[in-house]
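Here is the naming used below: chain letters follow the sequence lines, and residue numbers restart at 1 for every chain.
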Amino acid sequence: MAFPGGFREYMAVKRQKLEFQGQQTAAAGSQSSILAGINVYFNGYTQTHGSSLTYLEFKELILTHGALVRDKLEGDVTHIIASQMTDSKMKQLRKPVVTPAWLLDSIKEKKLQNWLQYRLYTNVVASQKTLDRFGAHEETRVVQEPEPTIEAQPEIDIVEAEEEDEEEEVPDEAVLHFGTKRPQLNMDSEWVKANICTAPGFLQKYFNSSRLHHLSTWKSDLRDFVAMQQATLKRTLPRPNPNAIIMHVDMDCFFASVAVRERPDLRDRPVAVAHSAGTGGRGSTSEIASCNYAARAHGVRNGMSIGRAREMCKSLTVMPYEFENYDACSKALYTILLRYGDEVQAVSCDEAYLEVSSSIEKAEALPEIALANRIRAEILEATGCRASIGIGSNMLIARMATKEAKPDGAHLVPKGTETAFMESQTISDLPGVGYVLTEKLAHKNIKTCKELSALSLSMLQKECGEKTGSMLYKACRGIDTRELENKPRQSVGAEINWGIRFQNYDEVEKFLYELTEEVVKRMKAASVKGKHITIKVKRKRYEGEPAKVLGCGDCDNLSKSHAFKAASDSTEAIFREGYRMLCEMQMKVDDIRGVGLHVSKLEGGAGGQSGPMELGQKTLTFGAGPSNDPLKNERKRKHSATEDGASDLFSRYGIKVDEIDWDVLVQLPADLQAEIKPYLEARATQQIRNETPPAPQARQEDLSPSKAAKYTLPTASQVDPEVLRALPDSIRKELEAAMKAPDPKRNIAAQPGILKRGKRRGSKISPGKGQLRFDQYLPGGGIANRPPSPSPPPAAPVIPLPEPIGRPALGSVSDGDMVRAMLSDWISSYRGGPDPEDVEAVIQYISNLVQDMELEEVDILLRWLKAKVGADMNDRKSKGNGAWATVFSNLMAAANEEVKKNYGHPLKGCEET
DNA sequence: ATCCTCCCCTAC
DNA sequence: TAAGGTAGGGGAGGAT
Ligand SMILES: Nc1ccn([C@H]2C[C@H](O)[C@@H](COP(=O)(O)OP(=O)(O)OP(=O)(O)O)O2)c(=O)n1
Ligand SMILES: [Mg+2]
Ligand SMILES: [Mg+2]
């Protein structure tokens with residue numbers, strides 16, 4: 001695309017160019033200073049082929065009129081020239097962003113035009129057109145006003161030679177008005193209600209229909225499949241092998257080929273696979289998964305909307321998905337590939353890398369191309385679909401060769417000719433170079449690998465980062481040192497960014513719970529648990545429905561993660577923490593446009609894939625690991641410019657609206673009161689309708705037991721760590737049973753003697769993300785002893801949650817710090833020696849900790865006790881000494897015994913001490 | 001230096 | 001009407 005994003009801008013430039021063609025040469029020598037003082041920076045990349053004004057020509061043109069062009073967005077840049085810009089970028093920029101037409105018109109009029117009239121800006125409401133990252137290249141781009149006149153282009157159905165270049169494709173006017181032609185989606189309609197995420201059965205229906213979900217699932221399955229096959233064969237390749245021969249096999253227009261298998265009549269006609277045929281008059285926003293080469297000749301591409309494709313190709317036939325058939329083809333394909341590959345790396349359901357060195361050696365001196373064609377013939381025979389194969393000395397070369405081979409061909413890049421082969425390639429064709437990198441490099445007028453190879457390694461690394469810079473440096477020279485590999489997966493997740501429209505937090509909660517169930521289902525299928533969970537949320541940036549029906553539109557992406565103390569695959573534990581973090585984001589409920597949940601730091605796995613071995617190694621060595629302090633994880637977050645006034649007001653003071661107490665409000669100065677009150681009232685209404693998230697909740701791991709017991713579940717580390725499986729059956733059963741029907745006894749530690757009087761200290765409930773308590777800001781220092789948060793208790797869970805079970809406690813106290821404080825009191829108040837009943841209680845407490853695998857806490861406690869008793873011994877040589885030392889040794893022995901009982905071996909780390 | 005969290009980018 | 005998922009590489013910037 002000439003100026004990324006804009007046919008309007010493209011046309012403007014083109015028209016200008018025509019007008020300037022004579023003029024420019026005439027004025028070539030002559031100077032003007034119309035643009036003097038203007039320092040521009042170009043956003044986006046430019047083409048240098050085709051008939052439109054190129055970037056260089058354009059640059060030269062404005063230079064001759066006195067403007068300066070900056071390579072970087074430096075301080076003296078006065079304007080940014082762009083015909084399209086991602087919204088996030090637009091938001092960050094501090095400079096005026098204008099279209100190229102500003103400069104062209106100024107030159108044409110021989111007078112500097114008012115740039116305000118050429119501003120690039122979004123116009124979501126008027127056109128219903130939104131920007132979003134998905135379609136930065138097509139229908140989602142900034143709309144400029146006022147509307148210039150565009151010459152309509154007659155529909156073409158026959159491919160014209162001149163139109164081979166897709167950059168030259170000029171869509172007709174309908175596309176420009178795409179949004180306005182579409183009637184506003186009625187969000188109250190029955191159809192919408194039945195198809196958004198709150199509809200019953202949404203999740204399953206959605207995943208069953210989502211091509212991208214299938215793609216991801218198949219890839220994952222195929223990696224497992226390949227790993228399994230390879231494992232049984234267990235051939236080891238000499239590595240690194242400088243003479244390796246790599247093939248890259250990829251089905252031609254896979255989905256479209258399957259669609260056309262039984263339809264020879266369609267074989268040479270343009271065909272695309274999508275959900276909607278888009279025959280209903282309006283331009284359909286349904287996405288094309290795959291289109292055949294006849295359709296591509298019209299400029300149609302995979303990923304394009306049906307509406308846009310129909311603009312380019314009226315005769316397009318849209319065929320439905322056949323997911324089962326793709327799956328079967330894929331299996332057949334891989335079965336063949338596994339016979340030829342010494343090593344196979346699954347890339348997708350229609351694509352894989354093969355290392356075929358030995359096949360070549362032993363196959364009766366069969367040349368590479370012949371082998372490739374034999375494989376291709378087998379694939380066609382087995383699937384009825386054609387594949388193309390690229391062959392080279394490394395993965396990159398093979399991948400690039402496939403592009404040459406397509407469609408229905410094989411292409412070999414002979415060893416030694418790699419550099420020459422790469423020179424002519426376009427950088428955007430390099431694997432790993434997408435839209436952003438292409439644009440970035442286009443700024444330096446880098447378009448081909450040859451041009452890229454002129455840049456130094458250090459400069460590339462400075463511009464693009466260390467690894468990326470190095471990758472580019474090597475790739476353009478045809479160098480790629482990667483080996484084929486099939487690593488086990490490192491994360492499991494699920495996310496949905498379509499049809500997400502909520503009205504209240506009950507719906508959000510229910511949805512996240514179901515999403516969690518889905519993720520847990522996938523984890524169990526892979527026999528893994530995870531220690532780290534991440535919540536992802538998309539937040540809409542503009543009011544109004546996006547162009548893509550029920551799509552997420554242009555969004556901010558927020559994520560938040562938490563590390564469990566031990567791996568978990570418990571729906572409840574993962575959901576609870578996920579929902580807590582989601583609420584912490586304080587999103588307005590109808591701003592939510594996407595939700596995802598991912599679990600990483602996996603342990604377990606079928607092939608004995610065993611994350612870090614927590615049990616034998618880390619946990620039991622009693623290394624003094626850092627404790628988990630949620631406050632440490634606070635992080636400043638950029639506030640979006642679209643924050644409402646209330647948020648602004650309160651964030652200025654570091655206050656969360658939810659935490660404001662109405663009684664406190666009345667004590668504020670009247671003017672401040674007046675400023676705040678309307679917002680609070682609005683907020684209160686929202687709360688009643690449950691449109692705002694529940695009040696921030698403490699992470700349950702940080703709650704004192706009395707609070708935790710009320711409405712929280714045990715942490716993963718308490719009931720559901722990876723090591724559970726290593727426990728004796730009896731104990732594991734007990735724990736598992738406890739999760740379903742808790743035994744109340746487990747909540748009640750023995751409470752003899754002084755321990756019953758354990759004093760409560762302040763809880764460790766986090767005020768949340770750098771929030772300060774409201775009353776700190778009140779005149780006179782605020783009101784003490786006010787309940788910390790006036791907000792309502794969390795909404796009753798829509799999902800019936802299992803009864804919580806308690807964590808180990810001493811008396812009613814389970815927080816480690818608090819336990820130690822109590823023990824400190826205990827030791828100093830019984831100088832003569834402890835009450836045996838109390839000792840028994842402490843032993844019980846430690847045993848419970850061990851059983852709940854809170855070994856870190858045991859470690860901390862024992863170390864602390866040892867120091868405490870030792871200090872007592874030194875400080876005052878009281879007669880209690882011997883007694884406390886004995887107590888300590890008894891506790892130690894008890895702990896050791898319990899550990900041995902549960903884990904089969906004693907505390908190694910402790911023996912040393 | 002190396003880690004961690006929160007992103008962004010890429011590919012199919 | 002429509003089904004914009006997901007895993008992995010990697011970078012920025014702060015904590016340790
Ligand atoms: N944006 C995309 C890209 C691909 N796919 C699906 C449909 C494709 O058929 C399949 C394989 O992707 P390819 O990139 O291999 O594309 P094709 O096989 O369709 O065409 P090609 O001949 O270029 O490989 O993945 C999709 O759903 N959406
Ligand atoms: Mg393909
Ligand atoms: Mg492919």
Side-chain angles (χ1 to χ4, degrees), chain A residues 86 88 132-135 140 182-183 185-186 189 191-192 194-197 202-220 222-223 250-251 254-255 274-287 289-290 302-303 305-307 321 346-351 399 430-438 440 461 464-471 487 489-500 519 522 532 534-536 538 546 548-553 555-563 593-594 596 598 600 626 632-638:
Chain A
T86 61
S88 57
D132 55 57
R133 37 187 303 95
F134 291 109
T140 57
R182 170 180 304 285
L185 183 64
N186 176 9
S189 73
W191 184 86
V192 166
N195 286 285
I196 57 176
C197 59
F202 172 83
L203 220 73
Q204 288 313 312
K205 214 168 23 174
Y206 181 78
F207 282 137
N208 280 338
S209 313
S210 163
R211 77 190 202 276
L212 292 175
H213 165 73
H214 280 101
L215 239 37
S216 295
T217 307
W218 287 328
K219 173 170 183 173
S220 173
L222 286 166
R223 285 173 62 149
D250 189 306
M251 304 297 289
F254 185 42
F255 290 9
H275 280 295
S276 164
T279 44
R282 297 179 297 278
S284 165
T285 61
S286 180
E287 260 177 44
S290 176
N302 290 358
S305 72
I306 286 288
Y321 287 93
V347 176
S348 86
C349 63
D350 88 323
E351 183 178 347
R399 176 78 190 81
L430 293 173
V433 177
Y435 177 78
V436 172
L437 262 184
T438 302
K440 183 179 268 189
Q461 288 181 316
C464 308
E466 192 185 327
K467 302 281 186 68
T468 308
S470 160
M471 179 274 285
K487 282 199 306 186
R489 64 154 75 190
Q490 290 160 44
S491 68
V492 181
E495 63 191 88
I496 298 197
N497 301 304
W498 186 89
I500 300 296
V519 171
R522 295 178 194 182
H532 198 93
T534 303
I535 272 283
K536 292 176 52 167
K538 277 179 177 286
K548 189 174 168 64
V549 174
L550 291 184
C552 63
C555 288
D556 288 318
N557 301 301
L558 315 191
S559 82
K560 217 166 197 318
S561 60
H562 174 66
R593 283 283 173 80
H598 293 259
S600 54
K632 281 187 192 158
N633 297 333
E634 285 168 17
R635 182 168 164 280
K636 280 243 166 62
R637 210 174 262 289
K638 297 152 265 183

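A/Gly493 comes within 4.0 angstrom of sugar-phosphate atoms only, judged by non-hydrogen atoms across all strands, and of no base. Using a 4.0 Å heavy-atom cutoff across all strands shown, A/Asn208 reaches no nucleic acid atom at all. At a threshold of 4.0 angstrom between heavy atoms, the contacts of A/His275 include nucleobase atoms, whether or not backbone atoms are also involved. If you check every strand for non-hydrogen atoms under 4.0 Å, A/Phe202 touches nothing. Among the heavy atoms of the strands lying under 4.0 Å from A/Leu430 are primed sugar atoms or P, OP1, OP2 only; no base atom is included. Contact annotation for A/Gly465: backbone-only contact, meaning every heavy-atom pair under 4.0 Å involves sugar-phosphate atoms and none involves a base. When heavy atoms are screened at a 4.0 angstrom cut-off, A/His598 is found touching the sugar-phosphate backbone but no base atom. A/Val192 comes within contact range of no nucleotide atom at all, as no heavy-atom separation falls under 4.0 Å. If you check every strand for non-hydrogen atoms under 4.0 Å, A/Arg223 touches sugar and phosphate atoms only.
Between A/Phe255 and A/Tyr321, the ring planes lie perpendicular to each other; the angle is over 60°, past the 30° to 60° tilted range.
In terms of position on DNA chain B, the residue among A/Lys536 and A/His532 whose nearest nucleotide sits closer to the 5' end is A/His532.
In this structure, the CZ atom of A/Arg399 is 15 Å from the P atom of B/dT10, given to the nearest Å.
Taking the side chain to side chain donor-acceptor pair (under 3.5 Å) definition, one finds that A/Thr468 meets it with nothing, sequence neighbours left out. Every residue two or more places apart in sequence or in another chain was checked for a side chain to side chain donor-acceptor pair (under 3.5 Å) with A/Lys219, and none qualifies.
For the pair A/Trp498 (side chain) and A/Val549 (backbone), a donor-acceptor distance under 3.5 Å is present.
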